[in-house]
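Right, one structure below, let's go through it.
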Amino acid sequence: MCGRYATTRSAADLSAWFEAVDATGEAGGVVPRYNLAPTDPAPLVHLAAGERVLSVGRWGLLPHWARDPRAGARMINARVETVATTRAYAEAYARRRALVPADGWYEWRRVGSTRQAYYLTPHDGSVLAFAGLWSRWGPARLLTFTVLTTAAAGPLAAVHDRMPLVLPPSRWAEWLAGEPPPPGIADGRLEIRPVGPAVGNVRNDGPELVRRVDPRPVPEPTQPTLF
C-alpha cells in the first residue's frame with residue numbers, strides 16, 4: 001500500500017535526474033509536497049515520441065472508460081501480481097508506463113491502541129522512482145497515474161506487508177519500454193524513520209513531517225490477575 005508520499009524536488013532537478021524534457025509548465029509546474037495524498041497533482045516521467053518527458057498528473061488512474069473522476073481515488077495503487085490482467089490497469093500496463101519520483105513514502109504500524117507513522121526514504125537522500133502507469137481521461141485529456149505495489153521484504157515487512165515497487169536506475173529504461181516488472185529495492189538503502197502523527201492529516205504539509213521522532217513504546221502485554 002502507498003497512500004501518502006513526499007516529492008519535494010524542483011522540476012529542473014527532476015528533469016536532470018531522470019534525463020527528461022521538462023513539460024511541467026503546461027500544468028502549472030511542480031509544487032514541493034511533503035504530504036501528497038490521492039487525487040493530488042504530482043510529477044511523473046513517461047515516454048512521448050520516444051523520449052522521456054517530465055509531466056504533472058493526478059494521482060489515481062482513470063481509464064478512458066471511467067464515468068466519474070472520483071473513481072481515481074480508488075485506483076492510486078495497482079498490485080504488481082495482477083496488474084497485467086486487471087481491467088482498470090491492463091491497457092496502461094501494456095502501453096503507458098511511468099516513473100513516479102518520490103523522496104519517500106509513509107506507512108503506519110499499530111502500536112497498542114494507537115498507530116505509529118514511519119517515513120521510508122533513502123539513507124543517501126537520493127530520489128526514488130516508483131513504477132507507475134499513466135492514462136488520459138475525458139475531453140480535457142486529464143493526465144492521471146497509479147503506483148505499482150509489491151510485497152514488502154526484509155525489515156520493511158515489519159511496518160507494512162505492501163510497498164511501492166521501487167525501481168533502480170538501471171531498470172528505468174526497460175520498465176518504460178514495456179518490459180516485465182523487475183525486482184524492486186527492498187534492501188538496506190532505505191531508512192525506516194519514525195515520524196510524528198501530524199502526517200495523518202492531509203491538510204498538514206512541510207518539512208517538519210519527515211523529521212525523526214522517538215517511536216511510541218510498544219505496550220507491555222497485560223498480565224492476568226490471579227486470585
Side-chain angles (χ1 to χ4, degrees), residues 1-12 14-15 18 20-103 105-106 127-150 162 164-165 167 172 175-179 181 201-203 205:
M1 176 67 180
C2 174
R4 210 75 65 75
Y5 70 96
T7 180
T8 66
R9 265 60 171 208
S10 68
L14 291 177
S15 59
F18 289 94
V21 176
D22 182 7
T24 60
E26 301 172 5
V30 171
V31 177
R33 294 292 306 276
Y34 287 89
N35 196 7
L36 201 139
T39 73
D40 284 346
L44 70 153
V45 175
H46 58 96
L47 294 180
E51 64 180 356
R52 294 182 191 176
V53 176
L54 177 70
S55 300
V56 173
R58 182 180 185 264
W59 186 20
L61 188 135
L62 287 168
H64 66 86
W65 43 261
R67 295 183 178 181
D68 189 336
R70 291 175 295 182
R74 300 191 300 272
M75 291 189 280
I76 61 169
N77 292 155
R79 296 175 68 93
V80 69
E81 298 89 345
T82 57
V83 65
T85 56
T86 300
R87 180 173 179 246
Y89 306 118
E91 183 179 356
Y93 175 78
R95 302 179 183 180
R96 294 184 291 274
R97 304 287 185 85
L99 302 172
V100 180
D103 298 352
W105 77 96
Y106 300 96
V127 179
L128 296 174
F130 299 157
L133 310 174
W134 64 273
S135 183
R136 295 277 185 183
W137 182 83
R141 305 286 292 161
L142 176 67
L143 179 61
T144 67
F145 70 94
T146 191
V147 170
L148 269 67
T149 66
T150 187
R162 304 290 297 180
L165 178 58
L167 301 176
W172 293 352
W175 170 252
L176 290 174
E179 294 295 321
N201 187 332
V202 296
R203 292 188 293 271
D205 199 356

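These numbers come from a predicted model, not from an experiment.
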> What heavy-atom pair brings T149 and E81 nearest, and what distance separates the two atoms?
Replying inline: O-OE1, 4.2 Å
> Which atom names give the shortest non-hydrogen contact between V45 and A20, and what distance separates them?
Replying inline: CG1-CB, 4.3 Å
> side chain to side chain contact (heavy atoms under 4.5 Å, CB included) with A11: which residues, sequence neighbours excluded?
Replying inline: D22, T24, V30, L54
>> Ignoring hydrogens, what is the shortest heavy-atom contact between A98 and L44? Give both atom names and the distance.
In response: CB-CD1, 3.9 Å
> Would you find a donor on one side and an acceptor on the other, under 3.5 Å apart, between the side chain of Y89 and the backbone of N77?
Replying inline: yes
> Does Y5 have any ring pair (Phe, Tyr, Trp, His ring centres under 6.0 Å) partners at least two apart in sequence or in another chain, and if so, which?
Replying inline: W59, F130
> Can you name the residues that form a side chain to side chain contact (heavy atoms under 4.5 Å, CB included) with D205, not counting sequence neighbours?
Replying inline: R33, Y34, N35
> Restricting to pairs with a member in residues 137-149, which pass salt bridge (Lys or Arg N to Asp or Glu O under 4.0 Å), not counting sequence neighbours?
Replying inline: none
> For A66, does its backbone N or O pair with a side-chain atom of W137 as donor and acceptor, under 3.5 Å?
Replying inline: yes
>> List the residues meeting side-chain hydrogen bond (donor to acceptor under 3.5 Å, both in side chains) with T86, not counting sequence neighbours, and say none if there are none.
In response: none
> Can you name the salt bridge (Lys or Arg N to Asp or Glu O under 4.0 Å) partners of R136, sequence neighbours left out?
Replying inline: none
> Which residues satisfy the side-chain hydrogen bond (donor to acceptor under 3.5 Å, both in side chains) test with E179, sequence neighbours excluded?
Replying inline: none
> Partners of V202 by side chain to side chain contact (heavy atoms under 4.5 Å, CB included), sequence neighbours excluded?
Replying inline: R4, A37
> Okay, side chain of T146, backbone of G60: is any donor-acceptor separation there less than 3.5 Å?
Replying inline: no
>> Under the rule for ring pair (Phe, Tyr, Trp, His ring centres under 6.0 Å), what residues qualify as partners of W134, not counting sequence neighbours?
In response: H46
> Say you draw a straight line from SG of C2 to CG of L165; how long is it, rounded to the nearest 0.5 Å?
Replying inline: 11.5 Å
> Can you check whether L62's main-chain N or O pairs, donor with acceptor, with S135's side chain at less than 3.5 Å?
Replying inline: yes
> Are any non-hydrogen side-chain atoms of P63 and M75 less than 4.5 angstrom apart?
Replying inline: yes
>> A92: which residues meet the side chain to side chain contact (heavy atoms under 4.5 Å, CB included) condition with it, sequence neighbours left out?
In response: L61, R96, L133
> Which pair of heavy atoms, one from P43 and one from T7, lies closest together, and at what distance?
Replying inline: CG-OG1, 3.8 Å
> About how many Å separate CG of L167 and CG of L99, when rounded to the nearest 0.5 Å?
Replying inline: 6.5 Å
> Nearest heavy-atom pair of G178 and R97: which atoms, and what distance?
Replying inline: O-NH2, 3.2 Å
>> S15: which residues meet the side-chain hydrogen bond (donor to acceptor under 3.5 Å, both in side chains) condition with it, sequence neighbours left out?
In response: none
>> Can you list everything that forms a salt bridge (Lys or Arg N to Asp or Glu O under 4.0 Å) with R70? Sequence neighbours excluded, please.
In response: D68
>> Walk me through whether W175 and L148 qualify under side-chain contact (heavy atoms from CB on, under 4.5 Å).
In response: CA-CA 12 Å; W175 170 252; L148 269 67; 3.6 Å; yes
>> Quick check: closest heavy atoms across F145 and A42, and the distance to 0.1 Å?
In response: CZ-CB, 3.8 Å
> So, does R58 use its side chain to make a donor-acceptor pair with the main chain of L142 at under 3.5 Å?
Replying inline: no
